Amino acid sequence: MAHHNHFLIAIKSMITALFFTLHCIEFSGAVGRFSAGGRKGQWQLLLNNTGVVAMHMALTHDNTVVIFDQTEAGPSGYRLRRRHNGNRCTESRDDLADSSCYAHSVEYDISSNKVRPLRLYTDTWCSSGSFLSNGTLLQTGGYGSGTRRTRYFKPCGDGQCDWRQSERSLADDRWYASNQLLPEHDRIIVVGGRRTFTYEFVPKMSSNEGSHDLSFLHQTYDRSEGGNNLYPFLHLSSDGNLFIFANRDSILFNYRSNIVIKTFPRIPGDGSRNYPGSGSSVILPLDHTNNFQRVEVMVCGGAASGAHRAAGQNRFLKGLSSCGRMVITGNRHKWNMENMPGSRLLSDMLILPTGNVLIINGAKRGSGGWNNARNASLQPYLYNPNHKLGKRFSVLKSTKIARMYHSSAILLPDGRVLVGGGNPHESYTFSNVAYPTELRLQAFAPHYIGRQYHTYRPINLTINYGHGDLSGVKYGGDFNVSFWLGRKSSKVVEFSAYAPPFTTHSISMNQRLLKLRCKRLVRAESGLVHAVLEAPLSPNVAPSGYYMLTVVNGGIPSISQWVRFLHQ
């Protein structure tokens, strides 16, 4: 309550300050979006050795990153002193080759730039995950001993937390499956997997809760090409139904009643978009100006027809360069196609705080799988969905490190993109190969990180839920934010909330960005700004949990702070 009263007093003391409405987007006398040269970004090398391949990555609300690989690839780059059972790992030949004497998961602390080992008990190879509303990472499936396992990682902030494995098993094998957090409180759907044509829900409500057949997965399965519908793209529509894209086809699915509501047009062109085709997809930013009701998905890249078989014969076909966008709400549905600057597969698509889409990592030829790709895509692409057709893509600064199969990338709270992983081999292999196992950790810093924008950057962002509630804001509720803006402010000040994804195999599960409504904004001559924001009205729009809140001043984002949306 004291914080809430302090906020009210601050507002009253600023009667002489400027008061702005119009959804908090206009500052009188200010310039528009900032533009300058040097917009290609920069690469930073953070660590020479994370110890494990970043096959999977997820950002926690404690500002750490959970990184993990498979457990059965043999020795990793992070040797342990003791096994899980407490037995010492010696210098004997057997122990040096024993996979259990090595870490296969680490937690990366962003602020200290250090990793610490975590312990996995079953194999997480090509698995899936989602965050629960309290910030716990729920992780499902894998290979062999892990194919029906559910694991939890609850961030703790003191470096003492570790993986915990559930006693309850999944109903079916889940290897190359996809997860999506649902509007129902702490309910996650798990879809597909290799030779698995069903979906199920976690956490399990009872020991006999089973799975449900999904004919769409049978229809999109390409047996001769390794499936081409694995890791299906899942996006939660704002009407509460689930968009599912597999191979080249897509549906709108009512998972509550097991009914296909819509069958969308097939995306034009040949080839496949899903693993091992390994294209990527995002749901474009949702906007309060239409009550978050216009939902548009985008799918980019993938492998050519026959690419998986050809790669097995040491022929690496050129990947797809096309992208398709389609509005999945309303009654008229058509894929609007455009081309990237080059062919691309095995890439990650991430939504930046500006609402632009970054396409990073990947290859130009081949398909997913062991040693199945060639010609690394070293240049990220930036996509502005609001520009005119033909003007939306730009090519960013090239890296020198190939990131292809089993690499991943995630957005960090400071606006950089963490990039890790890459291993096209069945074990850690560092020499005499075209693409060695990659343990270096990088960050890509988009142009807005540059020092020339520091005077435009909103700083010291704080969030106050009011009414003495420190846990979060309820749907449709107001919450207060304050931040500092320098004199170089923009006509456009926006507020975004971003759900951090679980990333692996070119898919960013649960990723979504919302542009929030600003109801009131007051700015003092000192530069201190107070704003009242409105949380989304429904968990259909934003399933409960932690989101990164960012202030964007004319395209220059603040450092994000965590906001939590709560069920009633």
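Computed from a predicted model, the values in this text were never measured in an experiment. The figures that follow rest on heavy atoms only: side chains count, while hydrogens, waters and symmetry mates do not. Throughout, residue positions are numbered sequentially from 1 according to the sequence presented.
The backbone N or O of G555 lies less than 3.5 Å from no partner atom in the side chain of T354, so there is not a single donor-acceptor pair. Side chain of Y456 to backbone of Y448: no donor-acceptor contact under 3.5 angstrom is found. Remark: the backbone N or O of T429 is paired with a side-chain donor or acceptor of T437 at under 3.5 angstrom. With hydrogens and angles ignored, the 3.5 Å screen pairs no side-chain donor or acceptor of H406 with any backbone N or O of W370. A side-chain donor-acceptor contact under 3.5 Å links N113 to the backbone of L46. Looking at T150, its side chain never comes within 3.5 Å of a backbone N or O of T140 through a donor-acceptor pair. Without hydrogens or angle criteria, R119 side chain to W163 main chain gives no donor-acceptor distance under 3.5 Å. A donor-acceptor contact shorter than 3.5 Å is absent between the side chain of Y435 and the backbone of H425. For the pair D62 (side chain) and G157 (backbone), a donor-acceptor distance under 3.5 Å is present. Looking at R457, its side chain does come within 3.5 Å of a backbone N or O of P557 through a donor-acceptor pair.
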Residue pair V473, F565: steps toward the side chain to side chain contact (heavy atoms under 4.5 Å, CB included) verdict:
CA-CA 5 Å; V473 58; F565 299 140; 3.5 Å; yes

Which is it for R151 and T122 under the side-chain hydrogen bond (donor to acceptor under 3.5 Å, both in side chains) test, yes or no, and what are the steps along the way?
CA-CA 9 Å; R151 309 164 194 86; T122 51; 3.1 Å; yes

Give the C-alpha distance, both sets of side-chain angles, the deciding distance and a yes or no for side chain to side chain contact (heavy atoms under 4.5 Å, CB included) between F479 and R564.
CA-CA 11 Å; F479 62 102; R564 188 180 181 190; over 6 Å; no

Going through the checks in order, is the side chain to side chain contact (heavy atoms under 4.5 Å, CB included) test met by Y78 and V115?
CA-CA 10 Å; Y78 198 125; V115 296; 4.1 Å; yes

Could you walk me through whether Q442 and T399 pass the side-chain hydrogen bond (donor to acceptor under 3.5 Å, both in side chains) test, one step at a time?
CA-CA 10 Å; Q442 291 175 287; T399 181; 3.1 Å; yes

side-chain hydrogen bond (donor to acceptor under 3.5 Å, both in side chains) between S145 and D123, intermediate numbers included
CA-CA 6 Å; S145 63; D123 197 359; 6.0 Å; no

Give the intermediate values and the outcome of side-chain hydrogen bond (donor to acceptor under 3.5 Å, both in side chains) for residues Q180 and N510.
CA-CA 6 Å; Q180 175 64 52; N510 302 281; 3.2 Å; yes

For R149 and S169: C-alpha separation, side-chain torsions, deciding distance, then whether side chain to side chain contact (heavy atoms under 4.5 Å, CB included) applies.
CA-CA 5 Å; R149 306 304 306 194; S169 297; 3.9 Å; yes

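Side chains of L396 and H447 form no contact here, defined as non-hydrogen atoms less than 4.5 Å apart. Here the side chains of L439 and V53 are in contact, with some heavy-atom distance below 4.5 Å. Here the side chains of V493 and V551 are in contact, with some heavy-atom distance below 4.5 Å. Annotation: side chain of L352 is in contact with side chain of L382 (closest heavy-atom distance under 4.5 Å). For the pair V541 and Y475, the minimum side-chain heavy-atom distance is 4.5 Å or more. Within the 4.5 Å cutoff, no side-chain heavy atoms of L346 are placed close to those of N361. No side-chain heavy atom of N480 sits less than 4.5 Å from a side-chain heavy atom of H530. The shortest side-chain heavy-atom distance between M509 and S128 falls under the 4.5 Å cut-off.
Other residues, nucleotides and ligands contribute at most 12 non-hydrogen atoms within 6.0 Å of the CG atom of N432. By the neighbour-count criterion of 12 heavy atoms within 6.0 Å, atom CG of L412 is densely surrounded, having more than that number from other residues, nucleotides or ligands. In K204, the NZ atom is crowded: over 12 heavy atoms of neighbouring residues, nucleotides or ligands sit closer than 6.0 Å.
Of all heavy-atom pairs spanning P539 and L236, the tightest one is O-CD2, 4.2 Å. Shown here for M340 and C300, the closest heavy-atom pair between the two residues is SD-CB, 4.2 Å. The two atoms that bring S482 and T462 nearest to each other are OG-OG1, 2.6 Å, heavy atoms only. The shortest heavy-atom contact between S408 and T503 is CB-OG1, 3.6 Å. Taking each heavy atom of A373 and M404 in turn, the nearest pair found is O-CE, 3.9 Å. Scanning all heavy atoms of the two residues, the minimum distance from Y498 to P500 falls at O-CD, 3.4 Å.
A distance of 10.0 Å separates OG in S178 from NE2 in H235, rounded to the nearest 0.5 Å. Taking CD1 of I359 as the start and CG of D348 as the end, the distance is 10.5 Å to the nearest 0.5 Å. In this structure, the separation between CD1 on I556 and CD on Q452 is 8.0 Å, given to the nearest 0.5 Å. Distance check, rounded to the nearest 0.5 Å: NE2 of H56 to SG of C126 gives 6.0 Å. From F153, atom CZ reaches atom OG1 of T136 across 9.5 Å, with rounding to the nearest 0.5 Å. Atom OG of S278 is separated from atom CZ of R344 by 13.5 Å, given to the nearest 0.5 angstrom.
No hydrogens or angles considered: nothing links the side chains of N134 and Y546 as a donor-acceptor pair under 3.5 Å. Of the N and O atoms on the side chains of Y428 and D69, at least one donor lies less than 3.5 Å from an acceptor on the other residue.
Salt bridge status for R83 with D95: present, with a side-chain N to carboxylate O gap under 4.0 Å. A salt bridge is absent between R148 and E200; no separation between the charged side-chain nitrogens and carboxylate oxygens falls under 4.0 Å.
A side chain to side chain contact (heavy atoms under 4.5 Å, CB included) with E107 is found for one member of T64, V65, D162 and no other, namely T64. For the side chain to side chain contact (heavy atoms under 4.5 Å, CB included) with S130, the qualifying choice from L137, I188, I189 is I188, the only one to do so.
Aromatic pair Y405/H505: centroids less than 6.0 angstrom apart. Two rings, from F393 and Y383, have their centers less than 6.0 Å apart.
In this pair, Y143 and W175 present their aromatic rings tilted. The plane angle is within the 30 to 60° band.
In this structure, R273 fails the cation-pi test against F233, since its NZ or CZ atom is not both closer than 6.0 Å to the six-membered ring centre and inside 45 degrees of the ring normal.
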